[in-house]
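Here is the structure we will look at.
Position 1 is the first residue of the sequence, and the numbers go up from there. Only this structure's heavy atoms are used, side chains among them; waters, hydrogens and symmetry mates stay out.
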Amino acid sequence: MKIVFANSAWVSAAERLILRGGGWQKIRLRVRYGLILHPRAGPVLIDTGYTPHVTTGARRSAMLRFYGTVLRPELVEAGQPMSVLARFGLTPRDIRTVIVTHFHADHISGLSLFPNARYIASDAAWSELKARTARQNLRHGVFTELFPADFETRLDGLSAMRPIPSRGDFPGGADMFGDGSVVAVDLPGHADGQFGLLFPEMDRPLLYAVDAQWLLKALVENRTPGFPARLLADDFTAIDRTGAALRRFLAAGGEVMFCHDPGLTPYDLTPEGG
C-alpha cells in the first residue's frame, strides 16, 4: 500500500490564530488531501482539497463567494486532483472511493469530479446536516452546494464498518477496507463527524489527524489557540481531549500529520509548483 499527500492550495493565517501565544506574522498553510494506492480497494482519495469549485465555481452561493474572498486560497495547479492522478497514470474515473473526513469546503470542494466514486463519511454527521437549516449549516462551516446531488445515494457510512478496538495508546475505530490497513478514528472538536485515518501497518504507525490542529507545534507544545479560533470549533471543549489522545499516540511511537501544517513530510508529493 502506498500513501501520498498533495497540496491543493496555500492559505495564510496570523500565527496567533492557530497557535496560543503566537505572533501576528502570517504563516502559509498547506491544504492537503491524500491518495492511497490500496491493494484491494484500488486508488482511494482522502478528501479533495480546494478546487476551483470554491474560488471560481458558477454554483457558489453568496456566502461561499464571501468565504473565498476572506480566505483567498491560492490554488496549486500541480497539486490539483487531475494533475496528481495523472502522475500515477490515473483519471478521475479510476477513483472508486473518496474518504470524506468532514464536510468543510477545503475537504469536499472537488467531490463532483469523481463520477464513479463511492463516498465514505460519517453517516451520523450527514443525518445531522440534513436536519439543520441552511443557515445552521453555514454556522458549522458547511456549504451544501459543494455536495454532488447524488451524494447520499453514494454514501457508505462509517457506522456499518467493523469496529477495531484500541490497543493501549493506539486508537481504535472503523475498519475501512476490512483488512485493518486503514482505520477511521473519531477526532471530535473541530467539525461535526470529523475522523482521522490510522495506518497501523506503517513502519512508524501514521495517524492523519486532519484538522484536529492546524500546526503540529500546537499539538506537541499543547498550545491550542483560544479566542477567536474557538468560535470556529464545533465542540471546543473536545479539542483538548482529542489533543491529549494524539500526544499519547506520539509518545507511544506513532506519527501524527495534519492537513494544514506547513512542514514538508515524507508523504508529501514534490515539487508542487506552488
Side-chain angles (χ1 to χ4, degrees), residues 5 8 11 13 18 29-34 36 44-50 54 67 71 97-111 119-132 136-144 146-147 151 155-161 163-164 166 171-176 182-199 206-216 218-219 224-225 229-249 254 256-261:
F5 284 85
S8 66
V11 294
I18 53 180
L29 301 170
R30 296 173 185 270
V31 184
R32 291 183 172 92
Y33 65 97
I36 305 171
V44 175
L45 280 183
I46 308 168
D47 298 324
T48 70
Y50 274 132
V54 165
Y67 168 94
L71 289 183
T97 305
V98 181
I99 299 170
V100 185
T101 61
H102 61 289
F103 298 146
H104 286 169
D106 52 337
H107 298 265
I108 69 168
S109 70
L111 290 181
Y119 304 120
I120 299 178
S122 166
D123 40 333
W126 177 250
S127 295
E128 292 190 19
L129 180 153
K130 289 195 302 176
R132 293 194 294 254
Q136 289 169 330
N137 277 320
L138 287 174
R139 164 64 186 84
H140 287 263
V142 177
F143 298 92
T144 54
L146 293 174
F147 288 99
F151 179 84
L155 174 63
D156 294 325
L158 289 181
S159 65
M161 297 178 178
I164 291 181
S166 59
D175 184 2
M176 307 213 76
V182 187
V183 181
V185 176
D186 190 27
L187 296 174
H190 172 72
D192 194 14
Q194 177 183 243
F195 61 92
L197 297 176
L198 173 64
F199 302 93
L206 172 68
L207 177 50
Y208 177 55
V210 201
D211 291 356
Q213 289 284 349
W214 286 280
L215 300 178
L216 187 59
L219 174 71
T224 297
R230 68 176 60 190
L231 299 177
L232 304 176
D234 181 70
D235 180 359
F236 187 75
T237 61
I239 289 179
D240 283 342
R241 294 197 303 273
T242 295
L246 292 175
R247 282 189 290 276
R248 290 195 297 272
F249 175 74
V256 172
M257 182 175 173
F258 293 121
C259 175
H260 299 300
D261 190 274

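In this structure, H104 has its ring center no closer than 6.0 Å to that of H140. The ring of F199 has its center no closer than 6.0 angstrom to the ring center of Y208. Aromatic ring centres of F151 and Y119 lie closer together than 6.0 Å. Residues F147 and F103 bring their aromatic ring centres within 6.0 Å.
Checking side-chain atoms of D186 against main-chain N and O of G173 turns up no donor-acceptor pair under 3.5 Å.
To the nearest 0.5 angstrom, R32 atom CZ is 13.0 Å from D47 atom CG. Of the inter-residue distances, the one linking D234 atom CG with I239 atom CD1 reads 9.0 Å to the nearest 0.5 angstrom. Rounded to the nearest 0.5 Å, atoms CD1 (I108) and OG1 (T48) are 7.5 Å apart.
Contact record, S122 with G193: CB-O, 3.7 Å, taken as the closest heavy-atom pair. Scanning all heavy atoms of the two residues, the minimum distance from P171 to F249 falls at CD-CD1, 3.8 Å. Between T242 and A212, the shortest heavy-atom distance links the atoms CG2-CB, 4.1 Å. Contact record, I164 with D175: CD1-CB, 3.6 Å, taken as the closest heavy-atom pair. Contact between A184 and F195 at its shortest, heavy atoms only, is CB-CD1, 3.6 Å. Taking every heavy atom of both residues into account, V185 and G172 meet most closely at CG2-O, 3.8 Å.
In the model, H190 has no side-chain atom that pairs as donor or acceptor with a side-chain atom of D235 under 3.5 Å. Side-chain contact check for Q194 and T101: no donor-acceptor pair (N or O, by modelled atom type) lies under 3.5 Å. Between the side chains of D106 and H260, at least one donor N or O lies within less than 3.5 Å of an accepting N or O.
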Inset, instruction - Test F143 against Y67 for ring-ring contact (aromatic ring centres under 6.0 Å, His included), laying out the working first. - result: CA-CA 10 Å; F143 298 92; Y67 168 94; 5.0 Å; yes
Inset, instruction - Decide yes or no on side chain to side chain contact (heavy atoms under 4.5 Å, CB included) for V256 and Q213, but give the supporting numbers first. - result: CA-CA 11 Å; V256 172; Q213 289 284 349; over 6 Å; no
Inset, instruction - Go through the steps to decide whether I120 and L158 satisfy the test side chain to side chain contact (heavy atoms under 4.5 Å, CB included), and finish with yes or no. - result: CA-CA 7 Å; I120 299 178; L158 289 181; 3.8 Å; yes
Legend entry - Criterion side chain to side chain contact (heavy atoms under 4.5 Å, CB included) on S8 and R30, from CA distance to verdict: CA-CA 8 Å; S8 66; R30 296 173 185 270; over 6 Å; no
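For the salt bridge (Lys or Arg N to Asp or Glu O under 4.0 Å) test, no residue two or more places apart in sequence or in another chain qualifies with R247.
D192 and R132 are joined by a salt bridge, as a carboxylate oxygen and a charged side-chain nitrogen come within less than 4.0 angstrom of each other.
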